Amino acid sequence: MALHSLWLQLWPQSLQMEASCLELALEGERLCKAGDFKGGTAFFEAAVQVGTEDLKTLSAIYSQLGNAYFYLKEYGKALEYHRHDLTLARTIGDRIGEGKASGNLGNTLKVLGRYDEAAVCCQRHLDISQEQGDKVGEARALYNMGNVFHAKGKQQLWGISQDPGELPPDVRDTLQRATAFYEMNLSLVKELGDRAAQGRAFGNLGNTHYLLGNFVEAIKFHRERLSIAKEFGDKAAERRAYSNLGNALIFLGQFNAATEYYRKTLQLSRQLKDQVMEAQACYSLGNTYTLLQEYERAIDYHLKHLLIAQELNDRVGEGRACWSLGNAYVSLGKHRQALHHTRKHLEISREIGDRNGELTARMNVEELMEVLGVKEADLSPSESEFKVQGARPKFIKKASMESVDLWKYSSEQKLARDASDEDCFFDLLSKFQSSRMDDQRCQLDEPPNGENAGGVDPNTLNDMIDASLLTSPQTEELFDLIASSQSRRLDDQRVSVSNLPGLRITHNNLGHLCGESDPQEPSDDFFNMLIKCQSSRIDDQRCSPPEGGPRAPTVPDEDFFSLIQRVQAKRMDEQRVQLPSDEQEPDEDEREPGAADS
């Protein structure tokens, strides 16, 4: 148990009462800055229990508590305290504080998938920042608005099949809005000479252009992001830039160039001792070498990915590695090893309840058994080996890949690929944009270090928001969070603060608390937009969107799994029907083993 937790538990209640609210809050702030958000929240909560009559101190505590709970992924509590912060800021006429609280609410709602409500809050932050001449707040609001539309666009892409750049109109519109906000943010931070913020803007612009199918533009922005990451010695950002560059080059068919960036991604992941990212880089390299038909190299990287997936107990990732290995061994004519990994893929698919993966694996197992002339009874049930009774020596799975040298292959080694394969490749690349995740997503709460829009037109920004709000869900709860701590009436713009936690009402602050009808309260437009959000509310949207399936930590969000399935579908079928067999002639049916992900 941490010392601060023991201190809170063992300290006599009388001494805790003697400690001032501010002292407890300062300790909570110190712990949060040190990365101990759980400990920090304990002290902040203690500060609230002690209470204070200083309204600005209490507002700051609410904000810190909301941010700490956000980091802890306790989003309900984060919303609660950011709501308190907004209520108090409005009560005391702190417009800058009101804007920041609105922005924090927007970021939290965005993480919960409530994008239209988030946009309303972030727009409120932007409006107040422009009104107050707060350049730092204005730039952050623009950045957050870009994040909201970026995330919304990715959610809209979920499960949609489209060609590169040929997006449904609503998705294209959403992503173009995200791009416009990022461009305005970039313009401001360039004005201010804020290189770190420029790096974030470049990275996000690269990602939105990628989703829009503008791969050349995406590469341009990611190279800028890479340059700034190197300038600051930010190895994590440098790794992300290399990975994003590799992804964009794949979609341009420049596979060899992509491998160079993925290898740099792998090198940095090892330097950073990030095993998950190391596995993802190996996975991407394995798939890229498969596209290059360099199957021996692909196998090396897939085996490395498999080893890490097993160490991290990532069964989904392990299954995908086994599927990839099975296909690579088939391509090399090593059908016994292929059968071993395909059976393992089948076993894992059953275990995790992946019906499509199970059907694909079962079909592949049957085809390989037919080619080898063996039956189920001839196969060893062992999970760690494959053995055909009375046949050749058994194949034992390697226990470690430490002996595999990443750089042992000659750079001239290259196998030719048919032009038809590339045509198929480009027809199918778009299947993965739906799963594209913004590599910068972990920096959403990172301050953009101050920016202001010298020539931003507020009317233009409103135009970018209003259309999407006509069908926005989930605003009744948002209004409950924003409009009042006690009232649920949408037309009530007055805020009751008498029940705010930690507030000591004294003659010193009574005057501020009585002025609740201050003209600084939000305008009718703000609440009208919230009412529009409520118009299409449906109960099952109160929760965050369901996951698309089991997550695989060692598989990158930019997953080429289905790509390889489809690209190789015809080639694999042709190879399978021509597999050498002494028992019978091959089948002639045209089946697609890559009909679905697993």
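Predicted model only: the values in this text are computed from it and were never measured.
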May I ask you to decide if the ring planes of [X] and [Y] are parallel, tilted or perpendicular, using 30° and 60° as cut-offs?
X    : Y    : answer
Y71  : F37  : parallel
Y81  : Y69  : parallel
Y182 : H150 : perpendicular

Any side-chain heavy atom of [X] sitting closer than 4.5 Å to one from [Y]?
X    : Y    : value
F43  : R30  : no
F202 : I228 : yes
H82  : Y62  : no
F181 : Y143 : no
P501 : H84  : yes
D85  : T87  : no
V555 : V316 : no
S269 : R239 : yes

Supply the atom-to-atom distance [X] [atom1] to [Y] [atom2], rounded to the nearest 0.5 angstrom.
X    : Y    : atom1 : atom2 : answer
K100 : H125 : NZ    : NE2   : 7.5 Å
D314 : T554 : CG    : OG1   : 3.5 Å
I61  : L22  : CD1   : CG    : 7.5 Å
N147 : N185 : CG    : CG    : 9.0 Å

Does S59 use its side chain to pair, donor to acceptor, with the backbone of L55 at less than 3.5 Å?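 Judged by distance alone, no pair lies under 3.5 Å.
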If the threshold is 4.0 Å, N to carboxylate O, is there a salt bridge linking E98 and R124?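 Yes, E98 and R124 are salt-bridged.
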Taking only Lys NZ, Arg NE, NH1 and NH2, and the carboxylate oxygens of Asp or Glu, determine whether K77 and E74 approach each other closer than 4.0 Å.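 Looking at E74 together with K77, the answer is no, because their closest N to O distance does not fall below 4.0 Å.
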Classify the side-chain pair Q123/D127 by whether it contains a donor and acceptor separated by less than 3.5 Å.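 Yes, a side-chain donor-acceptor pair sits under 3.5 Å.
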